[in-house]
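Accompanying notes for the structure given below.
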Amino acid sequence: MTQTRTETFPLTDGRELRLTVAEPENAVRGGLVVLHEARGVTDTVRGLVGTLADEGWLVVAPHLYRDVDELADGDVPDRVSKLSGEAVLEDTDVAFVWLGQQGVPADRMGVLGFDLGGSVALVVAGSRTIGAAVTIGGGGILTPLAEGLPPLVEVAAELTCPWLGLYGDDDSQIAQADVEKLRDAAASSEIATDVVRFTDSSHRFDTSPAASAEAWQRVLNWFDSHLR
């Protein structure tokens, strides 16, 4: 697995945003922004960044929690509820700017998020002009996760780039009926979309992409098809 490193990107207000990045050893196929889970930039996130770089992608993961890399489980709900939707999108934009500075054009940029990051990835797919997006889990379908983030069912009807959603029927935080409403909304967007429901946890990347082989292959195929 390609090693990751953490960089800082200066912001216009004088602060800095931390970015975990990984570069492929050979030719760059395009660029991917990885949006982390609710706990923050964990070893799982770093592993995902490195594994995507092994596939030829230039990868960057913005640290959406400005003051800490990883949260204790008990701190997650309060911190997520206090996230600013505007700030999260600004941080994602910084990651796209970073990719642009490395020579990646917008139509070869994609975004991938899981858990909290999956929700944000769908918001990005409905508000930014990029090549493709993938959501792996993530709530907020009917009720927003945080202030400034819209209900995802509203976003899905206004997608601006091809979007793939992967959801597990065993996810106690996301009702199957809500996923079906999201599917219907996405289908009305006139953009290429696909929503896949798994009957077990094999869609999750909590351990590694290898533990979720079908979901991993779907992710790679989606980006292969739309970022070219």
Side-chain angles (χ1 to χ4, degrees), residues 1-4 19-37 44-62 92 95-115 117-138 155-156 159-168 179 182-183 186-187 189-198 202-228:
M1 182 181 69
T2 301
Q3 294 298 308
T4 65
L19 305 170
T20 289
V21 304
E23 301 176 15
E25 293 184 0
N26 299 310
V28 175
R29 304 169 60 186
L32 298 179
V33 173
V34 170
L35 298 174
H36 61 68
E37 59 181 297
T44 298
V45 175
R46 295 185 183 91
L48 179 58
V49 169
T51 303
L52 286 167
D54 289 341
E55 297 289 336
W57 302 100
L58 179 61
V59 191
V60 53
T92 305
F96 288 129
V97 168
W98 185 90
L99 287 175
Q101 291 179 343
Q102 316 309 310
V104 179
D107 61 352
R108 292 178 62 201
M109 294 182 189
V111 61
L112 163 67
F114 63 106
D115 188 37
S119 302
V120 178
L122 179 49
V123 176
V124 172
S127 57
R128 300 294 185 268
T129 304
I130 56 174
V134 175
T135 288
I136 304 169
V155 174
L159 289 169
T160 57
C161 72
W163 173 72
L164 168 66
L166 305 178
Y167 295 89
V179 175
L182 190 63
R183 183 199 303 275
S189 67
E190 300 184 357
I191 293 289
T193 65
D194 191 14
V195 175
V196 181
R197 285 173 44 192
F198 292 78
S202 61
H203 73 293
R204 298 187 63 84
F205 288 174
D206 292 37
T207 304
S208 70
S212 48
E214 180 185 348
W216 179 242
Q217 195 57 54
R218 285 180 179 275
V219 169
L220 296 180
N221 290 346
W222 194 258
F223 288 132
D224 285 344
S225 297
H226 298 288
L227 303 184
R228 53 173 60 185

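Since the structure is predicted, the reported quantities are computational estimates derived from the model, not experimental observations.
Side chain of Glu55 to main chain of Thr51: no donor-acceptor pair is present (N/O by atom type, distance under 3.5 Å, no hydrogens or angles).
Residue Val45 comes nearest to Ala61 through the heavy atom pair CG1-CB, 4.4 Å, listed as atom of the first residue, atom of the second, then distance. Smallest separation of non-hydrogen atoms from Trp216 and Leu52: CH2-CD2, 3.4 Å. Annotation for Val219 and Ile136: closest pair CG2-CD1, 4.3 Å, computed over non-hydrogen atoms. Here the closest non-hydrogen pair linking Arg46 and Thr4 is O-CG2, 3.5 Å. Minimum interatomic distance between Phe223 and Val111 (heavy atoms only, all atoms of both residues): CZ-O, 3.7 Å. Nearest heavy atoms, Arg218 versus Leu164: O-CD2, 3.7 Å.
Of the inter-residue distances, the one linking Leu58 atom CG with Glu23 atom CD reads 6.0 Å to the nearest 0.5 angstrom. Taking CG of Leu166 as the reference point, atom OG of Ser212 lies at 9.0 Å (rounded to 0.5 Å). For the atom pair OG1 of Thr135 and CG of Leu35, the computed distance is 9.0 Å after rounding to the nearest 0.5 Å. Once rounded to the nearest 0.5 Å, the distance linking CZ of Arg128 with CE of Met109 reads 13.0 Å. Summarising the geometry, atom CG belonging to Asp54 is positioned 10.5 Å from atom CG belonging to Asn26; distances are rounded to the nearest 0.5 Å. A distance of 11.0 Å separates CG in Asp107 from OG1 in Thr129, rounded to the nearest 0.5 Å.
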Could you walk me through whether Val33 and Ile130 pass the side chain to side chain contact (heavy atoms under 4.5 Å, CB included) test, one step at a time? CA-CA 11 Å; Val33 173; Ile130 56 174; over 6 Å; no
Mind running side chain to side chain contact (heavy atoms under 4.5 Å, CB included) on Trp163 and Ile191 for me, showing each step along the way? CA-CA 8 Å; Trp163 173 72; Ile191 293 289; 6.0 Å; no
Take Arg197 and Arg183 through the test side chain to side chain contact (heavy atoms under 4.5 Å, CB included) and record every step on the way to the result. CA-CA 10 Å; Arg197 285 173 44 192; Arg183 183 199 303 275; 3.9 Å; yes
Give the intermediate values and the outcome of side chain to side chain contact (heavy atoms under 4.5 Å, CB included) for residues Val104 and Trp57. CA-CA 10 Å; Val104 179; Trp57 302 100; over 6 Å; no
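With a 6.0 Å radius and a threshold of 12 heavy atoms from other residues, nucleotides or ligands, Gln3 has its CD atom at or below the threshold.
Among Thr92, Leu32, Val21, the one residue that satisfies the side-chain contact (heavy atoms from CB on, under 4.5 Å) test with Val60 is Val21.
Counting only heavy atoms from C-beta outward, the side chains of Thr2 and Val59 never approach each other to under 4.5 Å.
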